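Remember, predicted model here, so these are calculated numbers, not experimental data. Letters A, B, ... mirror the listed sequences (proteins, then strands); counts begin at 1.
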Amino acid sequence: MQVIAGREENGSFTVHTPSSTANGLDEAGFAALARELEAAGPRWVFPSVELVYPVLVAAGVRVRRCYDVALAEGLLLAYEGVEGQSRSLRAAWARANDEEPPEEADAVELAQPTLFETHVPTLPEGVTMVTAVRRVLAEQERRVAAAEHPERLRLLLAAESASALAAAEMSADGLPWRADLHEQLLVSRLGPRVPAGQRPKVLVELAAKISEAFGGRPVNPDSPPSVVRALARAGIEVPAARKYLLKGIDHPAVGPLLEYKELSRLHAANGWAWLDEWVAEGRFRPHYVVGGVVSGRWASRGGGALQIPKVLRTCVRADPGWLLVVADAAQLEPRVLTALSGDRQLADVAAATDLYARLGEALFSGGRWVPAADDDRDDRARAKIAMLSAMYGGTSGEAGPLLGLLRQRFPAAVSYVERAAQAGERGERVRSRLGRTSPAPSAAWRALTGGLASDEAAELKARRASRGWGRFTRNFVVQASAADMTAVMLATLRQRLPAPAHLVFFQHDEVIVHTPAELAEEVSAAITDSVTEAARMLFGPACPVRFPMQIAPVETYADAK
DNA sequence: CACCCTCGCGCC
DNA sequence: AAATGGCGCGAGGGTG
């Protein structure tokens, strides 16, 4: 059974089933009806999960299967190479009827809704939300069928929709966060709490030390230019005030400067203000943005959910009697590249749990590789650089020669990313395994790279822009395919988790499940199975690549890894 | 005053 | 020497 449910312009909800339509529902009525209908295991069709589902989640209603019309529209527009169009129901309806989509607030903004966006674009007179959804749905099905691999695109739309459900649920449930431990940590590092806008005691002292080391003239350590100027006065030329540049410098100000940078970052990004704003009732509740990144990775808005610093992970703690099952896919991207390219030799390497260690042996054991004089890395570290260079397009330092060695030994894998890079350099779009599609380069890029360069400088600029876009598309095929896989994994896992265990965090290639301790084993097994299932769905049952998960049932996130 | 850019650094 | 991908965010510093 299919159920269409969404918010109307007046804020009320409509729920449409094959046998009935309920109009004018308030939030409570919507939730009650949804709970009842969910028992039959329908496929819900929402104009936008993000706009509708939080209402149900807040009322304690969870749905198993859904289809997000807006997310699907965004993926299809990208697939078709249509730029600058809104993915809203209103715009999709207009396009389905060969009409010019009306002006909306801002197509870009609507394509990536901001926090708590509740604006519902007005449909034309006489067109109901349900009518529009049905029309757009039929059109989307036609567009999927016209794609090169309809079954892959269908899987992508389903997985992305399920991801949106998971995101809304995680935002509501929240990540267990011990504010008391966080405060203790802040006080021990920074000194007693200070009002917003003030420097904590320890930072004040460090700033004074820094100025003193520069001869008493005031230097603002928060201002990179100020630091660069102060160093210049001391006879030390640095291009910028970055940490890695400062590290090698012999000057009494450097020690306190580096300490200041670290602590000031803690205070500014995750200090008392952050705690007040983002943690309540023992939970950190960030807002995840599914489809927020072109490659299919999630973004987050506010709270920096995808950058929880390592030092604070000790504050992420399971409730008494519960555990956090922290799982991350080990070296996901090189494994995805192996599967994408079908590189047999690399698949043998990817049989190892530590792919880079095994790759180091394959590349360097008994080989003729002569490391650079200043290279004190081990084989594993060198192998990692070689692989990252293939996936990111790095050429500096030893990366170039290492990539050459990798190409010699694993031509299929390396040529896969190099073809993607060449396509990007020509301004073409590339696709992930399931059909996520890279955007076309900007008009400015085309102007820069398109014409005949007038002189050498212009030629160089054009070449640089072209290479830059090639690095983007090179990385896109891998990063976006990894996002395909984690979306499918998340969709599968969400279904398989034994209640009351639930997802509380997801970040690129890592999930955290909060579970009663006695279910931790079962949760771990569900995670392993979900990854295996995702790999099978993306790459087929014959795919030889292993995707090992590092799974740790822990009391605190800090104890994972 | 709002707005926008760059820098720098946190995460993957 | 350099030119490794994707993000969010806060501070500084400039603009209108």
>> Just to be sure I understand the rule, does A399(A) reach a base, reach only the sugar-phosphate, or reach nothing, if contact means heavy atoms closer than 4.0 Å?
In response: nothing

> For DNA chain C, what residues of residues 166-178 of chain A have any heavy atom nearer than 4.0 Å?
Replying inline: none

>> Of all nucleotides in DNA chain B that come within under 4.0 Å of a heavy atom of chain A, which is furthest toward the 5' end and which toward the 3' end?
In response: dC7(B) to dC12(B)

>> Using the ring centroid of each side chain, check whether H514(A) and F505(A) are separated by less than 6.0 Å.
In response: no

> Do NZ/NE/NH1/NH2 and the carboxylate oxygens of K209(A) and E259(A) come within less than 4.0 Å?
Replying inline: no

> Are OP1 or OP2 of dG13(C) and a side-chain N or O of S223(A) less than 4.0 angstrom apart?
Replying inline: yes

> Would you call R178(A)-E555(A) a salt bridge at under 4.0 Å N-O?
Replying inline: no

>> Give me the distance, rounded to whole Å, that separates dA1(C) from dG8(B) when you measure between the C1' atoms they each carry.
In response: 22 Å

>> Taking atom CD as the centre, does E428(A) end up with more than 12 heavy-atom neighbours from other residues, nucleotides or ligands that are less than 6.0 angstrom away?
In response: yes

> Can a salt bridge be assigned to the pair R335(A) and D509(A) using a cut-off of 4.0 Å between side-chain N and carboxylate O?
Replying inline: no

> What are the two closest non-hydrogen atoms of Y288(A) and E50(A), and how far apart are they?
Replying inline: O-OE2, 4.3 Å

>> I'd like to know if the side chain of R285(A) pairs up with that of S171(A) as donor and acceptor (distance under 3.5 Å, no hydrogens or angles considered).
In response: no

> Which atom pair, heavy atoms only, marks the closest approach of R429(A) to A78(A)?
Replying inline: NH1-O, 3.2 Å

> Around E212(A), counting heavy atoms of other residues, nucleotides and ligands shown, do more than 12 lie under 6.0 Å from its CD?
Replying inline: no

> Which value, in whole Å, describes the distance between the C1' atoms of nucleotides dT4(C) and dC5(B)?
Replying inline: 24 Å

>> At under 4.0 Å between heavy atoms, how does the protein contact nucleotides 2-8 of chain C? Give one character per nucleotide, 5' to 3', with B, S or -.
In response: -BBBBSB

>> Quick check on K384(A): does its NZ atom have over 12 non-hydrogen neighbours (other residues, nucleotides or ligands) under 6.0 Å away?
In response: no

